[in-house]
Protein chains: 2
Amino acid sequence: MAPKSIPDIVIGRLPLYLRALNFLTAEGREITSSQELGDRLGISSAQIRKDLSHFGEFGKQGTGYDINYLRQQLRDILRVEHLWDVVLIGAGDLGHALARYAGFTGRGFNIAAVFDNDPEKIGQTLGNQEIQDVAKLGETVRSQGIKIAIIAVPVNSAQDVARALVDAGIKAILNYAPITLTVPSGIKVQHIDPVVHLQRMTYYLSQ
Amino acid sequence: MAPKSIPDIVIGRLPLYLRALNFLTAEGREITSSQELGDRLGISSAQIRKDLSHFGEFGKQGTGYDINYLRQQLRDILRVEHLWDVVLIGAGDLGHALARYAGFTGRGFNIAAVFDNDPEKIGQTLGNQEIQDVAKLGETVRSQGIKIAIIAVPVNSAQDVARALVDAGIKAILNYAPITLTVPSGIKVQHIDPVVHLQRMTYYLSQ
DNA sequence: TAGATTGTTAATCGATTAACAATC
DNA sequence: TAGATTGTTAATCGATTAACAATC
């Protein structure tokens, strides 16, 4: 049998499972069930069991899942057991918020460098990084072997930045600019656009 | 025939179509095709035509779509033809970035009020709003008939804020706190958690 | 043991795609 | 007209769910 590839949509849910397990741990819980996880996430228990079954058997019949063990397994599967270095491009308001966000480290990511093209900003300190000239982006990414980038620049330069990132060897981009980026196949992109999310809800609002 | 309900997944793509059309307009274009839109978005042309066909016939055989007309139609469908007032809860780094973000207005949304629970922040100006005491949240939401909220508070108070919002009559929540919110059925929620998005990509990274 | 919950199968459900008649 | 592209149908593909044997 060929090694069946896992559907993207399954991978997409694993971080939610992991996040929920972190919560349960914070609440002092040690055991959970697919039913409980599903209730918390608004997902059927069957789907959770099916998703997990792509990767192995992590539970015990009659008991459920050991939370710490399943967390560990999910971190392994998602490769967030060690910290990934991430470059952040754009030191505007959003870049500020991201650079200072305390929630990355505990979940697998470290902002390793921050770039901007504004001479006023270059050299200033943001989070625990000195803002660098975006012209040095390729050099830094290459020399440190960084694979992940966050784009927080204005929409009109986002595609150019994406091109530069891919040239430098970046393999995954989290894009906050409100534009669908075009990248070569094999490069992963995730988009965050608050307006898109808001517009996905207004359709359902009666007034 | 019963009025067939439109799949959520179709609604979810419409804002992307609208955003791409805005781009084409900015480029001075007047006509496009499902093929061109699909190429830009990484979606098949058949899917775009199928999605649009749920709502009517917006194109012309042999020619394609009038960009302005289709934009207008999509704005109508998504109900973003007029501005929606939105309340923002949380005036931290992220709240700052959101309150000062210039990209809302042109796409259907207006930050109408900002709340925080920090006495130091209450009364200060953010964007073009004075930060209000979160205790007055319900009053403001009710008196202004606001239906949409953005949560940008720390994770440990997000669920409480969500409850207060729902009590006040909010029908749609964009949640930036890294937790799956539990809300009554009929309330729409969209989640944005950068770490979840990053973890959806690391699975595919070889190293 | 009795009760509970997993992992998995098969059935159902829904979404995407290919193809083409219609027509601009 | 000839060429192009829509809107739509039917086929394909994939994801979700229900159900239950296995078993802790």
Side-chain angles (χ1 to χ4, degrees), chain A residues 1-17 20-21 24 29-74 77 180 200 203, chain B residues 1-17 20-21 24 29-74 77 180 200 203:
Chain A
M1 57 192 175
K4 57 204 158 179
S5 111
I6 316 286
D8 284 0
I9 199 161
V10 172
I11 302 301
R13 282 188 291 260
L14 300 187
L16 303 178
Y17 301 166
L21 292 167
L24 286 165
R29 300 283 307 283
E30 295 192 344
I31 301 286
T32 188
S33 66
S34 58
Q35 181 68 51
E36 180 180 49
L37 272 176
D39 288 348
R40 292 210 174 201
L41 294 170
I43 290 175
S44 79
S45 64
Q47 180 152 86
I48 290 176
R49 294 198 302 278
K50 187 106 210 300
D51 285 353
L52 296 177
S53 76
H54 285 101
F55 303 95
E57 308 190 356
F58 306 120
K60 231 188 253 185
Q61 282 101 325
T63 308
Y65 300 91
D66 181 282
I67 292 171
N68 268 326
Y69 177 72
L70 185 54
R71 276 173 86 196
Q72 193 51 55
Q73 293 298 311
L74 286 174
I77 292 166
T180 299
R200 282 176 178 159
Y203 172 82
Chain B
M1 55 190 177
K4 58 204 157 181
S5 113
I6 317 286
D8 285 359
I9 199 161
V10 172
I11 302 300
R13 282 189 291 261
L14 300 186
L16 303 178
Y17 302 165
L21 292 168
L24 287 164
R29 301 283 308 284
E30 296 190 346
I31 301 286
T32 189
S33 66
S34 58
Q35 181 69 53
E36 180 180 47
L37 272 177
D39 288 349
R40 292 209 174 203
L41 294 170
I43 290 175
S44 79
S45 63
Q47 179 152 85
I48 290 176
R49 294 197 301 280
K50 186 109 213 298
D51 284 353
L52 295 177
S53 76
H54 286 99
F55 303 96
E57 307 189 359
F58 306 120
K60 230 187 254 187
Q61 282 101 327
T63 308
Y65 300 91
D66 180 281
I67 291 171
N68 268 327
Y69 177 71
L70 186 53
R71 275 173 87 195
Q72 192 51 55
Q73 294 298 312
L74 286 175
I77 293 165
T180 299
R200 282 176 179 159
Y203 172 80

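Residue numbering restarts at 1 for every chain, and letters A, B, ... go by the order of the sequence lines. Values below: all heavy atoms of this structure, side chains included; hydrogens, waters and symmetry mates excluded.
When only modelled atom types and interatomic distance are considered, A:Asn68 and A:Gln72 share no side-chain donor-acceptor pair under 3.5 Å. Under the 3.5 Å distance criterion, with hydrogens and angles disregarded, no donor-acceptor pair is assigned to the side chains of A:Gln47 and A:Asp51.
Base pairing annotation: C:dT12 forms a Watson-Crick or G-U wobble pair with D:dA15, both donor-acceptor distances under 3.5 Å. Checking C:dA21 for Watson-Crick or G-U wobble geometry (two distances, each under 3.5 Å) identifies D:dT6 as its partner.
Each of B:Lys50 and A:Thr63 lies near DNA chain D, and the nucleotide nearest B:Lys50 is the one positioned closer to the 5' end. Between B:Gln61 and A:Gly59, it is A:Gly59 whose nearest contact on DNA chain C lies nearer the 5' terminus.
To the nearest 0.5 angstrom, B:Ile48 atom CD1 is 5.0 Å from B:Tyr17 atom OH. Between atom OG1 of residue B:Thr32 and atom CZ of residue B:Arg71 there is a gap of 13.0 Å, rounded to the nearest 0.5 Å.
Across B:Ile31 and B:Glu36, no two heavy atoms sit closer than the pair O-OE1, 4.2 Å.
Here the range on DNA chain D touched by chain B, meaning any atom under 4.0 Å from one of its heavy atoms, is D:dA4 to D:dT9.
The stretch residues 38-49 of chain A touches DNA chain C through A:Arg49, each having a heavy atom under 4.0 angstrom from the strand.
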I would like to know whether B:Leu52 and B:Leu74 meet side chain to side chain contact (heavy atoms under 4.5 Å, CB included); could you show each step before the answer?
-> CA-CA 9 Å; B:Leu52 295 177; B:Leu74 286 175; 4.1 Å; yes
Assess whether side chain to side chain contact (heavy atoms under 4.5 Å, CB included) is satisfied between A:Arg13 and A:Leu41, documenting all intermediate values.
-> CA-CA 10 Å; A:Arg13 282 188 291 260; A:Leu41 294 170; over 6 Å; no
Could you walk me through whether A:Tyr65 and A:Leu21 pass side chain to side chain contact (heavy atoms under 4.5 Å, CB included), step by step?
-> CA-CA 10 Å; A:Tyr65 300 91; A:Leu21 292 167; over 6 Å; no
